[in-house]
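Owing to the predicted nature of the structure, the values given are computational and were not obtained by experimental measurement. One-based numbering, in listed order, for ligands and for the atoms of each.
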Amino acid sequence: MATPQQLVPQTESIAEVYATDEASTTSVSPEIQARWKGLVTGFAKLYGQRPDFVARSPGRVNIIGEHIDYNLYDVLPTAVSVDVIVAVKVIPPHGLDATVKIANVNPDKFPSREFTVPRDADIEIDPTKHEWINYFKAGLLGAVKYLRKKTADNLFAPASMEILIDGNVPPGGGISSSAAFVCASALAVMKANNHNVSKQDLLDLAVVSERAVGVYSGGMDQAASIFSSRGYLLYTQFYPNFSVQHVPVPKADQEITFLMAQSFVTSNKAETAPRHYNLRVAECTLAAVVLAKKYNITLTKDTSSLGYSLRNFHQELMRKEGRLGDPLEYQLDAVIQVARDHLGQEEGYTRSEIAQELGITVAELETQFLSAFPVQTEAFLLRQRALHCFREARRVLDFKACLTNARKLDNTRIAYLGQLLNESQASCRSDYDCSCPEVDEICAIARRAGTWGSRLTGAGWGGCTVHILPQNKVDAVIAALKNEYYLKKFPDISPEKLAQAIVISKPSNGSFMVTGA
Ligand code: NG1
Ligand code: MG
């Protein structure tokens, strides 16, 4: 029988294993071992000595719960086996401006760089210049800020380092190469400065670091990259406080597989944020404050990126109506009805209509809610965004209940899990408008070929899809996707790219570190 769901101690430090420790290394597949060895020998060749340690953080797939982390609703991602590994040698002396030499195992695509970390200032990241080392710098910046605070030393100088990186998470592909990169980098910098960072602290700093690149994201990706555990999904809660639980996928009548398929439609999130990602963050916030106003509720600020989330409104409404003791599912049903009743305008709300709802001027609306980042739109679709969010939050609860309330997943339950994924996709497409024709097409092809459920994963507008399917349908689904999508849409696709298009990954371990390599 599967192990029951486990609460995870958040103050726990990141696991550290020794390269010579049989018990921890024999469980690693030969391909992974080869890649790690390649990194260490590559390092020795490049810098003339072996690294002190290797820090690692994986990509993630979100199984269900899309675009609700920044509304502080629960999500259900897990780490995947592709990851970013960072080999580091600390170079004395310590205490001066630090020098960072950084290289990638793929130098043609990711050229080597060297830069200085000034002792008395923050390193600068130019988000308009798309450089591969920006993500390392984001992790470094977050780690240095953390260490300066921790040591109460504003002039804290991090150690100089020689670094070699190998990442195999497809970039811009919806499985969070960015979070893997930022988390692994921050972890590496912590270790290089002799700090055993807790998972919670690494999470907090990694989330803030990524926002520095310009996207007002929630914390799901970094949580999955840091806290996941092999064989489990990571039930992640953000409200009232952050917490995670490891949820096993129980034994089933048929062996269940999660498959991910890239659309190869890249949406540059930082660039499209004013029309896509950040606009959605703003729309949800505005929906929350407009609903609160209708009920005469004053929201207090929460931990979401703009400070007012739909979860926050939900909580205050339930408190007011004396329903906080109701099961969360029923509470969500209630707020779904509230959104239907009180956000009536299908065509959306203009700035002046929202200002009128709130009893403030347009200028006040701009300063209070729309000044953190630019958004480009005439109409804010408050009704559709709120409905997606509340319903998606409900689907996450249903999905988790279906996994945890049974010792064994029979076919009816499995079909229900698939249905929830399909409903999530439909909602992302219509109410949240974060899908795209290619992603819709991949989902349709995959379902025809035998998946139980198919949907986009990650921010969308391209990126990656996730599918739940029986093991015995894997070949058929892969063949259908190749013939009907990849080869048709990209006739000149290289064999390497085609090989990266589809990944089957079992839920994997989160961040860890290897020393003594
Ligand atoms: P991607 O685009 O897959 O990195 C983004 C956000 C998440 C979450 C999802 C949508 C970042 C770093 N992450 O994921 O926090 O909101 O979209 O569910 O932007
Ligand atoms: Mg990302």
Side-chain angles (χ1 to χ4, degrees), residues 57-80 82 84 127 134-135 138-139 142 169-183 186 203-226 234 236-238 242 260 262-263 265-274 276-285 303-306 309-311 373 385 388-389 391-393 395-396 421 424-425 427-428 431-436 439 455-466:
S57 223
R60 66 98 186 91
V61 56
N62 187 19
I63 302 300
I64 193 159
E66 219 58 84
H67 284 279
I68 60 173
D69 60 345
Y70 51 81
N71 278 299
L72 307 185
Y73 279 109
D74 314 348
V75 295
L76 198 59
T78 182
V80 289
V82 285
V84 173
N134 278 2
Y135 288 103
V169 191
I175 43 181
S176 245
S177 53
S178 56
F181 206 151
V182 172
C183 292
L203 172 75
D204 293 343
L205 79 90
V207 172
V208 176
S209 302
E210 266 212 67
R211 283 188 192 154
V213 187
V215 181
Y216 278 72
S217 57
M220 164 172 73
D221 304 346
Q222 300 81 0
S225 187
I226 294 168
L234 191 77
T236 310
Q237 292 177 279
F238 300 97
F242 175 82
M260 283 156 285
Q262 297 293 330
S263 68
V265 175
T266 310
S267 145
N268 179 348
K269 225 170 344 96
E271 209 174 277
T272 59
H276 289 161
Y277 195 93
N278 286 353
L279 174 59
R280 294 293 175 275
V281 175
E283 285 174 315
C284 290
T285 302
T303 58
S304 65
S305 31
L306 286 179
S309 64
L310 286 164
R311 181 71 181 89
F373 46 75
R385 309 314 183 220
H388 164 79
C389 182
R391 288 175 176 149
E392 184 77 355
R395 281 188 284 274
V396 173
L421 292 203
S424 169
Q425 173 60 20
S427 178
C428 282
D431 281 341
Y432 220 68
D433 194 13
C434 64
S435 188
C436 68
V439 163
R455 60 176 217 89
L456 65 82
T457 183
W461 295 287
C464 194
T465 57
V466 63

Per-residue contact class, Arg60 against ligand 1 - non-hydrogen pairs under 4.0 Å: side chain
Atom indices of ligand 1, in the order listed, that fall short of 4.0 Å to a heavy atom of Glu210: 12 (C)
Ring-ring centroid check Phe373 Tyr277, cutoff 6.0 Å: no
His67 side, atom NE2; Arg280 side, atom CZ - distance, nearest 0.5 Å: 7.5 Å
Heteroatom proximity flag, Glu66 to ligand 1, N/O under 3.5 Å: yes
Nearest candidate to atom 8 (C) of ligand 1, where distance is taken over non-hydrogen atoms, out of Asp221, Asp69, Val61: Asp69
Approximate separation, where rounding is to 0.5 Å, of Asn71 CG and Arg385 CZ: 12.0 Å
Proximal ligand 1 atoms for Met220, defined as those under 4.0 Å from one of its heavy atoms: 8 (C), 9 (C), 18 (O)
From Cys284 atom SG to Tyr432 atom OH, the distance as rounded to the nearest 0.5 Å: 3.0 Å
Straight-line distance of Arg391 CZ to Ile68 CD1, nearest 0.5 Å: 13.5 Å
Geometric class of the Phe242/Phe238 ring pair [parallel <30°, tilted 30-60°, perpendicular >60°]: tilted
Atoms in ligand 1 flagged as close to Ser176, the criterion being non-hydrogen separation under 4.0 Å: 4 (O)
Tyr70 neighbourhood, listing ligand 1 atoms whose heavy-atom distance to it stays under 4.0 Å: 16 (O)
Ligand-side contact atoms (ligand 1) for residue partner Gly218, heavy atom cut-off under 4.0 Å: 15 (O)
Ser435/Gln425 under side chain to side chain donor-acceptor pair (under 3.5 Å): CA gap, chis, key distance, verdict: CA-CA 8 Å; Ser435 188; Gln425 173 60 20; 3.1 Å; yes
Closest candidate by heavy atom, reference atom 11 (C) of ligand 1, pool Ser217, Ala180, Ala179: Ser217
Proximal ligand 1 atoms for Tyr277, defined as those under 4.0 Å from one of its heavy atoms: 5 (C), 6 (C), 7 (C), 8 (C), 15 (O), 16 (O), 17 (O)
